[in-house]
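The next block holds one structure in the form of structure tokens; read it before the comments.
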Amino acid sequence: MVHGDSDGVCSGALLKAYLEKKGEVSVYFTHPVGLVKDLSEFTSQGDHIYIADIALDEKTFRQVVELLEKRGEAGKVVYIDHHPLPEEFRGVNNIEFVHDTCCSASELTYRYVEKYLDPDYSRVGLYGAIGDYIDETPWVREHLARWDKRFVYYEAGVLIQGLEGTGRQYDFKRQVLQALSQNQLPSSISELYERAVKQSRLDEELRLKVKMSVYTRGVVSIVENPPGSVGRAANYAKIYGGGLIGLAYETRGHVLVMSLRSDGVDLNRLLRAISKTIDIQGGGHPFAAGARVPASLFDAFVEKINSLYRDFAR
């Protein structure tokens with residue numbers, strides 16, 4: 001089970017390349033809030049379970065740990081992640097827990113499986129690291145030196161852009177993951193390449209749309225239902241809105257699914273703190289995080305950010 005962004009897909013591809021030598025592998029895409037449900041639906045006692053690039057959510061991590069510890073009594077359970085842990089996390093039993101905030105999940109995964117794979121698979125790990133903006137670690141510098149840097153960044157760009165326009169089309173993401181597990185070049189996947197070219201044009205339209213529509217409340221620059229990636233829209237909101245925090249969301253029924261970006265506030269700690277005071281779910285990295293907020297609580301959520309952000313300044 002992996003996240004559906006480039007870091008998650010690359011982590012999954014590396015694990016699949018390793019695990020397929022042992023037998024059949026099923027791939028599922030999930031996210032922190034849905035992990036408990038997906039584990040209950042798609043796994044059984046005795047399965048070997050590998051999870052990569054899925055943060056432990058503040059509200060559900062105890063359920064996740066309890067279920068995985070139970071699964072770990074009869075099968076192998078490996079959890080690879082690089083997101084900050086909930087403050088109340090106290091360790092696990094029956095789970096091989098590979099965790100470090102130093103780097104991307106792809107880098108951690110490559111280190112975990114590298115002795116079983118051809119060294120050329122390092123470029124798959126590099127794609128994921130670049131996609132998650134964690135491309136200046138010692139490992140990245142060491143392994144990037146084995147390749148032409150421009151070539152790796154080009155291929156990473158095709159992968160990142162192509163997946164950006166894919167959304168929740170998980171069958172296509174499985175096709176991409178399968179190709180990467182065979183160390184195929186992203187640019188050789190014709191549909192991925194076509195999606196990447198289209199996405200670049202859409203991203204330019206997104207940038208201009210955000211520039212025209214962003215508004216600021218306190219330290220939060222906000223974009224509502226942008227025509228594209230909420231992550232990129234949040235970054236543009238911060239740039240063009242001038243706020244300390246950029247926020248973009250899309251409406252899904254009664255819930256707002258959002259991304260936040262900031263260079264000056266630890267968003268992970270801020271969102272986890274807010275989740276303990278009002279009924280929202282959120283977390284991620286210090287500089288880039290996500291949240292799910294009931295539409296009825298959006299005003300209260302923004303007010304909480306404005307009243308608490310100083311406590312989490314970086």
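On a predicted model such as this, the values are computed, not experimentally measured, just so you know.
- Proximity of a side-chain donor or acceptor of Asp53 to a complementary backbone N or O of Asp81 within less than 3.5 Å is not detected.
- For the pair Arg174 (side chain) and Val27 (backbone), a donor-acceptor distance under 3.5 Å is present.
- A donor-acceptor contact shorter than 3.5 Å is absent between the side chain of Ser181 and the backbone of Ala17.
- Taking the six-membered ring for Trp, His82 and His285 have ring centres closer than 6.0 Å.
- For Ala156, the side-chain contact (heavy atoms from CB on, under 4.5 Å) partners at least two apart in sequence or on another chain are Tyr127, Ile130, Ile160.
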Q. Can you list the steps and then say if Phe287 with Leu267 is a side chain to side chain contact (heavy atoms under 4.5 Å, CB included)?
A. CA-CA 6 Å; Phe287 55 87; Leu267 295 171; 5.9 Å; no
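- Within the 3.5 Å criterion, the main-chain N or O of Val265 finds a donor-acceptor partner in the side chain of Ser262.
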One pair to check against side chain to side chain contact (heavy atoms under 4.5 Å, CB included): Glu155 and Arg123. What are the steps and the verdict?
CA-CA 9 Å; Glu155 292 296 336; Arg123 67 184 180 186; over 6 Å; no
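- Side chain of Ser188 to main chain of Gln184: no donor-acceptor pair is present (N/O by atom type, distance under 3.5 Å, no hydrogens or angles).
- Not a single ring-ring contact (aromatic ring centres under 6.0 Å, His included) links Tyr215 to another residue, sequence neighbours left out.
- Side-chain atoms of Asp266 come within 3.5 Å of backbone N or O of Asn268 as a donor-acceptor pair.
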Exercise for review: Could you walk me through whether Ser221 and Ile245 pass the side chain to side chain contact (heavy atoms under 4.5 Å, CB included) test, one step at a time?
Suggested key: CA-CA 6 Å; Ser221 293; Ile245 298 170; over 6 Å; no
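- The closest side-chain donor-acceptor pair between Asn94 and Glu73, if any, does not fall under 3.5 angstrom.
- Separation of atoms OG1 (Thr43) and CE (Met1) is listed at 5.5 Å; rounding is to 0.5 Å.
- Here the straight-line distance linking atom CZ of Arg195 with atom CD1 of Ile189 works out to 11.0 Å at 0.5 Å rounding.
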If you apply the rule side chain to side chain contact (heavy atoms under 4.5 Å, CB included), what do you find for Asp7 with Tyr133, and how did you get there? CA-CA 10 Å; Asp7 192 23; Tyr133 299 99; over 6 Å; no
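- Residues satisfying the side-chain hydrogen bond (donor to acceptor under 3.5 Å, both in side chains) criterion with Glu69, sequence neighbours excluded, are absent altogether.
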Give the table of side-chain donor-acceptor pairs shorter than 3.5 Å for residues 28-37, with sequence neighbours excluded, one pair per line with atom names and distance.
{"unit_1": "Thr30", "atom_1": "OG1", "unit_2": "Asp38", "atom_2": "OD2", "d": "2.6"}
{"unit_1": "His31", "atom_1": "ND1", "unit_2": "Val33", "atom_2": "N", "d": "3.4"}
{"unit_1": "His31", "atom_1": "ND1", "unit_2": "Gly34", "atom_2": "N", "d": "3.1"}
{"unit_1": "Lys37", "atom_1": "NZ", "unit_2": "Glu41", "atom_2": "OE1", "d": "3.2"}

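- At a threshold of 4.5 Å between non-hydrogen side-chain atoms, the residues Phe301 and Lys304 do not count as touching.
- Here the straight-line distance linking atom OG of Ser229 with atom CD of Gln161 works out to 9.5 Å at 0.5 Å rounding.
- For Glu204, the side-chain hydrogen bond (donor to acceptor under 3.5 Å, both in side chains) partners are Arg207, not counting sequence neighbours.
- No side-chain N or O of Gln175 forms a donor-acceptor pair with one of Asp171 less than 3.5 Å apart.
- Of the N and O atoms on the side chains of Ser275 and Gln281, not one donor lies less than 3.5 Å from an acceptor on the other residue.
- A distance-only check finds a donor-acceptor pair linking the side chain of Tyr79 to the backbone of Ile54 [under 3.5 Å].
- For Phe89 and Phe97, the distance between ring centers is under 6.0 angstrom.
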- Message: Show, in sequence, the C-alpha distance, side-chain angles and deciding distance for Tyr112 and Glu96, and conclude whether the side chain to side chain donor-acceptor pair (under 3.5 Å) test is met.
- Response: CA-CA 11 Å; Tyr112 183 78; Glu96 188 173 353; 3.1 Å; yes
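- Atoms OG and NZ, on Ser26 and Lys16 in that order, are 8.5 Å from each other to the nearest 0.5 Å.
- Using modelled atom types, no side-chain atom of His143 and backbone atom of Ser122 make a donor-acceptor pair closer than 3.5 Å.
- Every residue two or more places apart in sequence or in another chain that forms a side-chain contact (heavy atoms from CB on, under 4.5 Å) with Val255 is listed here: Val257, Arg292.
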